[in-house]
S.K.: 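This is the structure I have questions about; it appears just below.
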Amino acid sequence: MIRRRRAAGEDQLRQLRRQSEQALDALGLTGGFTFGELHERVERRRGRPVHLIPRELPALAPHGLWVAGEHADYIFYAANASPVRQRLIIGHEYGHALFDDASPASGLDRAAAAPAPLARSSYDAPQERRAEIFGSLAVQRAESWSEIPVTAPADIALADRLAAALEGRRHP
């Protein structure tokens, strides 16, 4: 019984890895690339801007968050993480965006008004595992980690409200 469950779990991980490899390949990123190139390809695939927003996040806050807006995507990541960890976080959130996983709230305004930190309960969900595998593959395949294209979101007030929700504080 335990062997059967372990084998099923290993099969699932292999499948999630294959999906992640195929997603990178579909972006035309089969060899080395920069995170700037990955960012541009994700924007092209999503058909909208993807705003990368670094934030100094508390230790117990989530280290990354992707929120799909109507006209843009917002990815928050821990500015206080190491450079490699930042790329893992960003790659993880790109994975969610590329696979059109459910955003943490059904809308930007609901996410921005969240009174408690927006945190997952575990990595047990297949979409969390797949996003983690995607982020890890992106870091492994990247030829350079030097470039994270930080962009200012068009709606700064909305980004501030989302950041406040991510940090578990109320925005005025």
S.K.: Using 0.5 Å steps for rounding, measure from the CZ atom of Arg44 to the CG atom of Leu27.
M.R.: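 One finds 9.0 Å between CZ of Arg44 and CG of Leu27.
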S.K.: Is the backbone N or O of His92 less than 3.5 Å from a side-chain atom of Glu132, with the two atoms forming a donor-acceptor pair by type?
M.R.: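 No; judged by distance alone, with no hydrogens or angles, the pair does not exist.
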S.K.: I need the Ile90 CD1 to Arg85 CZ distance, nearest 0.5 Å.
M.R.: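 Rounded to the nearest 0.5 Å, the CD1-CZ separation comes out at 11.0 Å.
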S.K.: What is the minimum heavy-atom distance between Ser136 and Leu88, and which atoms define it?
M.R.: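 The pair with the smallest heavy-atom distance is CA-CD2, 3.7 Å.
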S.K.: Do the non-hydrogen side-chain atoms of Glu21 and Leu24 ever get within less than 4.5 Å of each other?
M.R.: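 Result no, sub-4.5 Å side-chain heavy-atom pair not found.
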S.K.: What salt bridge (charged side-chain N to carboxylate O under 4.0 Å, His left out) pairs are there with at least one residue in residues 26-35, not counting sequence neighbours?
M.R.: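 Every candidate salt bridge (charged side-chain N to carboxylate O under 4.0 Å, His left out) pair involving residues 26-35 fails, so no pair, neighbours aside, qualifies.
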S.K.: Do Gln86 and His63 have side-chain heavy atoms sitting under 4.5 Å apart?
M.R.: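 In short, these two side chains do not touch, never coming nearer than 4.5 Å.
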S.K.: Can you tell me how far CG of Asn80 sits from CD of Glu56, rounded to the nearest 0.5 angstrom?
M.R.: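 Going from CD on Glu56 over to CG on Asn80, the span is 4.5 Å.
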S.K.: Would Trp66 and Val50 count as a side chain to side chain contact (heavy atoms under 4.5 Å, CB included) here? Give the steps.
M.R.: CA-CA 10 Å; Trp66 162 64; Val50 176; 6.0 Å; no
S.K.: What's the shortest heavy-atom distance between Ala138 and Leu38, and which atoms?
M.R.: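 Ala138 and Leu38 have their closest heavy atoms at CB-CD2, 4.0 Å.
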S.K.: Ile75 versus Ile89: any side-chain heavy-atom pair under 4.5 Å?
M.R.: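 When only atoms from C-beta onward are counted, Ile89 and Ile75 do not touch, as no gap falls below 4.5 Å.
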S.K.: Can any side-chain N or O of Glu37 pair as donor or acceptor with the backbone N or O of Thr34 at less than 3.5 Å?
M.R.: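 Here the side-chain-to-backbone pair exists.
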S.K.: Between Arg45 (side chain) and Ala26 (backbone), is there a donor-acceptor pair under 3.5 Å?
M.R.: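 Checked: pair present.
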S.K.: Begin with the C-alpha distance, continue with both residues' side-chain angles, and end with the deciding distance and a verdict on side chain to side chain contact (heavy atoms under 4.5 Å, CB included) for Asp101 and Glu128.
M.R.: CA-CA 9 Å; Asp101 292 337; Glu128 287 300 330; over 6 Å; no
S.K.: Got a second to check how far His39's NE2 is from Phe33's CZ, nearest 0.5 Å?
M.R.: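 Output value for this atom pair is 14.0 Å.
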S.K.: Rounded to the nearest 0.5 Å, how far does CZ of Arg17 lie from CG of Leu137?
M.R.: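 Going from CG on Leu137 over to CZ on Arg17, the span is 4.5 Å.
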S.K.: For the side chain of Arg141 and the backbone of Leu29, is there at least one donor-acceptor N/O pair under 3.5 Å apart?
M.R.: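 Judged by distance alone, yes, a pair lies under 3.5 Å.
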S.K.: To check you understand the geometry: which heavy-atom pair defines the closest contact between Gly91 and Phe134, and what is its length?
M.R.: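 The answer is O-CD2, 3.2 Å.
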S.K.: Exactly one of Phe76, Tyr74, Phe35, Tyr94 should register a side chain to side chain contact (heavy atoms under 4.5 Å, CB included) with Leu52. Which one does?
M.R.: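 In the set Phe76, Tyr74, Phe35, Tyr94, the residue that makes a side chain to side chain contact (heavy atoms under 4.5 Å, CB included) with Leu52 is Tyr94.
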S.K.: So which atom in Arg130 and which in Ser20 form the shortest heavy-atom distance, rounded to 0.1 Å?
M.R.: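 In this case the closest contact between Arg130 and Ser20 is O-OG, 3.4 Å.
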S.K.: So how far is it from Arg46 CZ to Asp100 CG, rounded to the nearest 0.5 Å?
M.R.: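 Taking CZ in Arg46 and CG in Asp100, the distance rounds to 5.0 Å.
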S.K.: Tell me every residue that passes side-chain hydrogen bond (donor to acceptor under 3.5 Å, both in side chains) with Gln127, counting only those two or more places apart in sequence or in another chain.
M.R.: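 For Gln127, no residue satisfies side-chain hydrogen bond (donor to acceptor under 3.5 Å, both in side chains) once neighbours in sequence are set aside.
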S.K.: Side-chain contact, heavy-atom cut-off 4.5 Å: Phe99 with Gln19?
M.R.: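 Sidechains of Gln19 and Phe99: in contact.
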S.K.: Search all heavy atoms of Arg129 against all heavy atoms of Leu13 and return the closest pair with its distance.
M.R.: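 Arg129 and Leu13 have their closest heavy atoms at CD-CD2, 4.1 Å.
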S.K.: Of all the heavy-atom pairs spanning Leu16 and Pro126, show the shortest one and how long it is.
M.R.: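 Looking at all heavy atoms of both residues, the closest pair is CD1-O, 3.8 Å.
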